[in-house]
J.: 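To start, I am sharing the structure in question, which I have written as structure tokens.
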Amino acid sequence: DADFPKLNMPMYDRPEGDRRRMVIDAASGRYEVLTNCLNCGKVVVEEEGWGPCLFCGNPLEVGDRFGLKHGDDRGFLEPVGQATAEEAKYNESFERAKATKDRLLSYDRDAKRRTKVYDDATDWYSEAVNPWLNEKQREEATRQAAEEERRKREEKRKIHATIDLFGRTVISADDEVNAREAAKNKENFQSWTEGITEQNKLLGMMQEEQRGMGGKTSQLSNDSKQLYDKLRASLHAAGSQKSSFEPAAEQEKKSTRWDASIDSKRVEDDFAGISTKDFAKSDTRLLPAEESPYGDSEDVGQCLSMHQPWASLLVYGFKRAEGRSWKTDHRGRLWIHAASKPPEDHDIELLEQTYRSIYEAQGVPMPPVPSQGSGYPTSVLLGCVDIEECWTKEEYTKVLQSNPSMPQEENGSDHIFWCLRPRRLVVPLKMSGDNKIWRLPKMSLSAAQRGLQPVRWPAPGDGQCIMNTPDLPGAG
């Protein structure tokens, strides 16, 4: 008893008839705070009200020769008659302290809003295909995009003008109205993204509580958890599909070995039972990867933003002639970035059928088109190609005529970039783009170089041909 620590502060008995209820979690932010006890430090909220502290009994209202004081006003000296120099100095320091307190509280309240970073490259269209959102959220983004387009069309039909009665002139106010409408749309989009972020965070917390905090994925972020769950489901689905077609002899052979399933001490992880042979490639022979003469040391991160589906078709090797209205002197590695606008289904079907016809006419075997694989992602870095030539439209027409055995890919642009040796990123990098040829950030460039994988086409079989390429003077 003698060694038990005691509170070094006076404790007062609770007055009889005091029926106020003590709010235990007053610091949780769910209640409006009145003040705190200067004796024990307890936070006092409006539900408790003024009066003696419900913990230590210290009076929260103090009466002195300056009158009754409570809360923040207890440090202010109200002079009786003319204020003395000491009282004026004390009150001045008190006002400075109170202003500092208000400033700190304001910063704590508004810091989240002031430090929020928004990506100007994102919009309703990019959110409508955002893989990190659920289906309902993507549908809502699609609906909001359609609604915004409808409002823009309606505004274009209207005429906004300001009438100057004194000058007898009519001044167009379209720019001001468009600026206000753009600001309003941006504010709505930012408010929506903040709400979605909070919803996903709350959902993740609820799932974590249901699952418990001891799981292997408890330390992963929300986005990483979603990617982890998708990968785990894909691996298990592929493994079970492969195992269902396993020969009976192989299963019997396995049964003669030690059965790990009867060992209760054995702990299996999420990918137990999945082997690399479950994901073995098909019997289709592939052409060897063509080595690029341009290494990473020469790569300065030159990048070209393209709309889908043209961007993926170029990175997968279907498209080799990329047209532009301007020419470039750049030769070597060119990174390909997919813009934020999602492709139309009609454009995808038309272009894929066009390239099928081009390569079938030359007897060139084709790999699966992007729609049969990773699709056409937007606002991402897809991979790179090597620019070997930049021809004018007339020069490119002559190249096609002089090489009838090569795929006849037509292009009506003023300048044609001839792109070879496509390499794609195993995992596309999310980023915004720019106009013409721009430069990747160094951090993104280093990460992208490590994730490149060469694109290999099927080797020709009987009656088929290899894809021909015109001779290029000076090519590596």
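Heavy atoms only: backbone and side chains are in, while hydrogens, waters and symmetry mates are out.
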J.: Start with the C-alpha gap between Phe417 and Val385, add the side-chain angles, then the distance that decides, and say whether side-chain contact (heavy atoms from CB on, under 4.5 Å) holds.
T.: CA-CA 11 Å; Phe417 302 166; Val385 294; over 6 Å; no
J.: Within a 6.0 Å radius of atom CD on Glu344, are there more than 12 heavy atoms belonging to other residues, nucleotides or ligands?
T.: no
J.: When rounded to the nearest 0.5 angstrom, what distance separates CE in Met306 from CG in Leu313?
T.: 8.5 Å
J.: Over all heavy atoms of both residues, which pair between Ser379 and Ser126 is shortest? Give the atoms and the distance, please.
T.: OG-CB, 4.2 Å
J.: Using only atom types and a distance under 3.5 Å, with no angle test, would you say the side chain of Asp347 pairs donor to acceptor with the backbone of Pro343?
T.: no
J.: Please determine whether the number of non-hydrogen atoms from other residues, nucleotides or ligands lying under 6.0 Å from atom CD of Glu135 exceeds 12.
T.: no
J.: Using side-chain contact (heavy atoms from CB on, under 4.5 Å), reason through Leu104 and Asp102 one step at a time and then give a plain yes or no.
T.: CA-CA 6 Å; Leu104 293 176; Asp102 293 338; over 6 Å; no
J.: To the nearest 0.5 Å, how far apart are CD in Gln449 and OG in Ser297?
T.: 9.0 Å
J.: Would Glu147 and Arg150 satisfy salt bridge (charged side-chain N to carboxylate O under 4.0 Å, His left out), going step by step from the backbone distance to the final call?
T.: CA-CA 5 Å; Glu147 179 65 20; Arg150 183 190 64 79; 2.3 Å; yes
J.: So, Arg96 versus Thr100: side-chain donor-acceptor pair below 3.5 Å or not?
T.: no
J.: Nearest heavy-atom pair of Arg324 and Ser305: which atoms, and what distance?
T.: NH2-O, 3.4 Å
J.: Compare all side-chain heavy atoms of Arg424 with those of Tyr316 and state whether any distance is below 4.5 angstrom.
T.: yes
J.: Compute whether any side-chain donor of one residue and acceptor of the other, for Glu352 and Ser371, lie under 3.5 angstrom apart.
T.: yes
J.: For Val315 versus Pro422, what's the shortest heavy-atom pair and its separation?
T.: O-CB, 3.1 Å
J.: How about Arg423 and Val455: do any of their side-chain heavy atoms sit closer than 4.5 Å?
T.: no
J.: Run the salt-bridge test on Glu148 and Lys152 with the 4.0 Å N-O cut-off and return the result as yes or no.
T.: yes
J.: Could you tell me whether Arg333 and Asp386 make a salt bridge, using a distance below 4.0 angstrom between a side-chain N and a carboxylate O?
T.: no
J.: With rounding to the nearest 0.5 angstrom, report the CG to CD distance, Leu445 to Gln302.
T.: 10.5 Å
J.: Rounded to the nearest 0.5 Å, what separates atom CG in Asn188 from atom OG1 in Thr193?
T.: 10.5 Å
J.: Within a radius of less than 6.0 Å around CD1 of Ile159, do more than 12 heavy atoms belonging to other residues, nucleotides or ligands occur?
T.: no
J.: Is there a side-chain contact between Val33 and Val44, using heavy atoms and a 4.5 Å cut-off?
T.: no
J.: With the side chain counted from C-beta on, respond yes when His337 and Met431 share a heavy-atom pair under 4.5 Å apart, and no when they do not.
T.: yes
J.: Tell me whether Ser446 contacts the main-chain N or O of Lys442 through its side chain, where contact means a donor paired with an acceptor under 3.5 Å.
T.: no
J.: What's the shortest heavy-atom distance between Ala338 and Gln308, and which atoms?
T.: CB-NE2, 3.7 Å
J.: Taking C-beta and beyond as the side chain, do Trp438 and Leu304 meet within less than 4.5 Å on heavy atoms?
T.: no
J.: I'd like to know whether CD of Glu291 has more than 12 heavy-atom contacts from other residues, nucleotides or ligands below 6.0 angstrom.
T.: no
J.: Under a 3.5 Å threshold, yes or no: a donor from one side chain and an acceptor from the other, between Asn178 and Glu155?
T.: no
J.: Show the numbers, then the answer: is there a side-chain contact (heavy atoms from CB on, under 4.5 Å) between Arg180 and Val177?
T.: CA-CA 5 Å; Arg180 287 197 301 268; Val177 173; 3.4 Å; yes
J.: Donor-acceptor pair, distance only, cut-off 3.5 Å: does the side chain of Thr142 make one with the backbone of Arg138?
T.: yes
J.: Is it the case that the ring center of Tyr376 lies less than 6.0 angstrom away from the ring center of Trp310?
T.: no
J.: For the SG atom of Cys390 and the CD atom of Glu322, what is their distance to the nearest 0.5 Å?
T.: 11.0 Å
J.: Taking Ser413 for the side chain and His415 for the main chain, is one N or O donor matched with an acceptor at less than 3.5 Å?
T.: no
J.: With a 4.5 Å cut-off on side-chain heavy atoms, are Cys56 and Cys37 touching?
T.: yes
J.: With side-chain contact (heavy atoms from CB on, under 4.5 Å) as the test, would you mind laying out the steps for Ile387 and Tyr294 before giving the verdict?
T.: CA-CA 10 Å; Ile387 289 188; Tyr294 310 103; over 6 Å; no
J.: Just by distance, do the side chain of Glu149 and the backbone of Ala146 share a donor-acceptor pair under 3.5 Å?
T.: no
J.: Salt bridge check: are Arg151 and Glu154 linked by an N-O gap of less than 4.0 Å?
T.: no
J.: Grab the two heavy atoms, one from Glu48 and one from Val43, that are nearest each other, plus how far apart they are.
T.: OE1-O, 3.7 Å
J.: Between Ala448 and Leu381, what is the shortest heavy-atom contact and its length?
T.: CB-CD2, 3.8 Å
J.: Using a 4.5 Å cut-off on heavy atoms from C-beta on, say whether the side chain of Leu452 contacts that of Leu425.
T.: yes
J.: Trp192 versus Glu140: any side-chain heavy-atom pair under 4.5 Å?
T.: yes
J.: Could you measure the distance from the CH2 atom of Trp335 to the CG atom of Leu382? Nearest 0.5 Å is fine.
T.: 11.0 Å
J.: Is it true that a side-chain atom of Ser312 and a backbone atom of Pro309 form a donor plus acceptor pair closer than 3.5 Å?
T.: no
J.: Under 3.5 Å, is there a donor on one side chain and an acceptor on the other for Ser191 and Glu187?
T.: no
